[in-house]
Protein chains: 2
Amino acid sequence: MTQDRARRPTLDTIAQRVGVSRATVSNAYNRPDQLSTALRERIIATAKQLGYAGPDPVARSLATKQAGSVAFMLCDGLSSAFSDPALSIMLDALSSTVDNEERSLLLLPGTNDGGPRAQAVMRAQTDVVVAYSLPDDAPALAAVRERGLPLVVVDQPELPGSARVQVDDVGGAVLAARHVGALGHRRVAILAFALSADGVRGPADPRRLASAHFRVSTDRIAGYLEGLAGHSIVPGEVPIWEAPGSVRELGREGARWLLGLDPRPTAVLCMSDELALGAIRAANELGLSVPAEVSIVGFDDTPAASWSDPPLTTVRQDLVSKGRQAGELALRMLNGARPGKPVTIDVELQVRRSTAARV
Amino acid sequence: MTQDRARRPTLDTIAQRVGVSRATVSNAYNRPDQLSTALRERIIATAKQLGYAGPDPVARSLATKQAGSVAFMLCDGLSSAFSDPALSIMLDALSSTVDNEERSLLLLPGTNDGGPRAQAVMRAQTDVVVAYSLPDDAPALAAVRERGLPLVVVDQPELPGSARVQVDDVGGAVLAARHVGALGHRRVAILAFALSADGVRGPADPRRLASAHFRVSTDRIAGYLEGLAGHSIVPGEVPIWEAPGSVRELGREGARWLLGLDPRPTAVLCMSDELALGAIRAANELGLSVPAEVSIVGFDDTPAASWSDPPLTTVRQDLVSKGRQAGELALRMLNGARPGKPVTIDVELQVRRSTAARV
DNA sequence: TTGTACGCGTTATCAT
DNA sequence: ATGATAACGCGTACAA
């Protein structure tokens, strides 16, 4: 194959064969208006005949100083990531935004929960990086800085010089908490996702909360507690379960513990729809009906939320807009724009049938 | 930013500053054993001081003729793709396989259901391409050939010169069909996914079947019919619904139609677990209990299959192995290996509780 | 249209 | 052992 490569025709091959300069052949591909149609056609025909497939992408990148890709870094492997519908939807919007600008998406998945390896970042052929919900101290983030690549962060604390897309996590959590508070619930539990990237699962005590590395989690907990405080619920009495990921099975496990407490919570605030769906399942398995005996609130409003039984009351965030904004920000940064103000994605409460007044 | 770039130090900058040749600086990064530790450290220190982050990835690629990435082409956008757990799991295994070899994954999503744009393929900086379930006539496949890139196809007919990972779709479908046949079912329906990439949904007549573009779909249908024929069920009397994607909502829609037929089928063979879960939902909404009144069989055995209610009888395929094999094949092709024999992923029937003997 | 000066490394091969 | 020299890769862009 190295052989094959070696034999490959280049711009020069075509130029010599046609009897023009290399520049002209380049123009035939990139600026058709710079030469006569007849010549252009002769060039293309010769290229086809010699099996030349057009300018080499890598060489072009070297010359233009444009790698032509947007890198996307995430915390975990792809599997856990894409089992999270919220991420899929966001990523889809991101990818089609950058695709429209002739750029593709380079995926840099995390290896052991700390994000991508620094080495992978250092060698990535990319012009700009989008980081999604990485721990603040991820080596990958340091690598991005070291390379001086423009950075867009999503669901993550702003870094100096980076652009940011954020969801009003605190505000959304407040909405959810006030909702159950207004319904009369007084024993309310929180089903959270990871506070740090160490795979820990279990009840989260104050010390654990204080050492948290994921901003999204801490923001939402703060919002929940704030909203509950407005209904005279003391933060110290709100049980919190930390699930190491946003998948149903983990939600079910956490809810089983929360709903086994004495006194039993009458409402559970969940940090994602996936966790909430697991919680509904757990409640049912414990013989508790939702929402009659326990109210469940989700977060995200993914398609599964309206599809579930009962349909889920949840905090809606516009995931498509989030992905699009991240993509546009990346494209702008790549063109030399300054980071500017963080873009905030609004949230709103979507009341469905998984919540009801406390009996 | 172009300014920033222009000012960036290069290997030469460092070399001059330290007073050595460019080659030596290159060696300091890539072959530490080729120079003294002291010199190496001096070089690295100077580099750090000048803000040099190591050899430029694009330039390195040009010199080594290795783009350092594996491209993955899929039919649809990312959203529909990743809402399919079977793909997520496979892709996760693929990505970690290539990541271990210091290569990243370049995503080339489809735009309008025909796969990626040819242009995107022509400009992709990649050494090898993995195509997943693309229609045979996708322009992206032609582009890969034109560029002469090694190709691995997954769930798709073999192309000349391409390596292939395949699941024994026919065999798996036969297993599913024999299972319901053995349970005494005689009125059996098929819930299929797309036959062609045109978004059509509805009952599939023989002409539609004949014009199908997706091998997976046609293979499974063939397998289902073959298995049923063994129980004296006439192929012409098996109703087939074509869903344009593998998501629950579409499964529900299709099953609603199938279960509304007269005579009503007592078993539905579904081409994915997601479709099957939608079918269970549809059955329940029609007041039919699963499996007492209707048996449902899935395909894939994703985590959701054992999580559903009732747990799903399904055809298991080893998705992790599928992704890993595709990755290894890609790495091998990239090193010049010949395609070799197709790799076949085994299937086996996983009997759970969504199927029962016909009453 | 063309000449030609870059761009930024890698990797023999050669010299000390 | 260490380090230097120089060819090479494949385009782009601008002045002529």
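Naming: A, B, ... by sequence-line order, numbering from 1 per chain.
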One pair to check against side chain to side chain contact (heavy atoms under 4.5 Å, CB included): B/Arg17 and B/Leu50. What are the steps and the verdict? CA-CA 9 Å; B/Arg17 183 63 166 264; B/Leu50 294 180; 3.2 Å; yes

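- Nearest heavy-atom pair, A/Pro55 versus A/Tyr29, reported as atom, atom and distance to 0.1 Å: CD-CG, 3.7 Å.
- Using a 4.0 Å heavy-atom cutoff across all strands shown, B/Asp12 reaches no nucleic acid atom at all.
- What separates CZ of A/Arg31 from P of C/dT2 is a distance of 15 Å, to the nearest Å.
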List, one per line, each side-chain donor-acceptor pair under 3.5 Å for residues 136-144 of chain A, sequence neighbours excluded.
none

Per-pair distances, 0.1 Å, donor-acceptor, side chain in residues 33-41 of chain A, under 3.5 Å, sequence neighbours excluded:
from	atom 1	to	atom 2	distance (Å)
A/Ser36	OG	A/Leu39	N	3.2
A/Arg40	NH1	A/Ala28	O	2.4

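- For D/dT12, the OP1/OP2 oxygens have a side-chain nitrogen or oxygen of A/Arg60 closer than 4.0 Å.
- B/Glu328 meets the side-chain contact (heavy atoms from CB on, under 4.5 Å) test with B/Thr97, B/Arg324, B/Gln325, B/Arg332; sequence neighbours excluded.
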Query raised in the report: Which is it for B/Arg103 and B/Asp127 under the salt bridge (Lys or Arg N to Asp or Glu O under 4.0 Å) test, yes or no, and what are the steps along the way?
Result: CA-CA 10 Å; B/Arg103 293 171 188 277; B/Asp127 305 305; 2.9 Å; yes

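- Residues A/Ala71 and A/Leu108 approach most closely at CB-CD1, 4.1 Å, considering heavy atoms.
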Please table the atom pairs, donor to acceptor, closer than 3.5 Å between any side-chain atom in residues 151-158 of chain A and protein atoms at least two apart or in another chain.
from	atom 1	to	atom 2	distance (Å)
A/Asp155	OD2	A/Lys322	NZ	2.9
A/Gln156	OE1	A/Ser133	N	3.3
A/Gln156	OE1	A/Leu134	N	2.8

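- Rounded to whole Å, atom P of D/dG11 lies 12 Å from atom CD of B/Gln125.
- Nucleotide C/dG9 holds its P atom 9 Å from the NZ atom of A/Lys65, rounded to whole Å.
- Side-chain contact annotation: B/Arg215 with B/Gln166, donor-acceptor N/O pair under 3.5 Å absent.
- With sequence neighbours left out, the salt bridge (charged side-chain N to carboxylate O under 4.0 Å, His left out) criterion links A/Glu102 to B/Arg117.
- In this view, A/Ala59 and A/Asp56, B/Leu62 satisfy the side-chain contact (heavy atoms from CB on, under 4.5 Å) rule, not counting sequence neighbours.
- As a whole-Å value, the separation of B/Gln66 CD from D/dC10 C1' is 16 Å.
- Protein atom OH of B/Tyr29 is 18 Å distant from nucleotide atom C1' of C/dT11, rounded to whole Å.
- For the contact set between residues 33-48 of chain A and DNA chain D, defined by any heavy atom under 4.0 Å, there are no members.
- For B/Asp56 and C/dC6, the CG to C1' distance is 15 Å, given to the nearest whole Å.
- For A/Ser61, the side-chain contact (heavy atoms from CB on, under 4.5 Å) criterion is met by B/Val58, B/Gln125, not counting sequence neighbours.
- For B/Glu101, the side-chain contact (heavy atoms from CB on, under 4.5 Å) partners are B/Leu331, not counting sequence neighbours.
- A straight line from CG of A/Leu62 to C1' of C/dG7 spans 5 Å, rounded to a whole angstrom.
- DNA chain D is contacted by A/Arg22, A/Ala23, A/Ser26 of residues 20-28 of chain A, taking any non-hydrogen atom closer than 4.0 Å.
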Given Watson-Crick and G-U pairs under 3.5 Å, DNA chain C in dot-bracket ([ ] crossing, | other strand) is ||||||||||||||||

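- When heavy atoms are screened at a 4.0 angstrom cut-off, A/Tyr52 is found touching the sugar-phosphate backbone but no base atom.
- Taking each heavy atom of B/Ile345 and B/Ser321 in turn, the nearest pair found is CD1-OG, 3.6 Å.
- C/dG9 atom C1' lies 12 Å from atom CZ of A/Arg123, rounded to whole Å.
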Each nucleotide N or O in nucleotides 13-16 of chain C that has a protein N or O under 3.5 Å away: list the pair and distance.
none

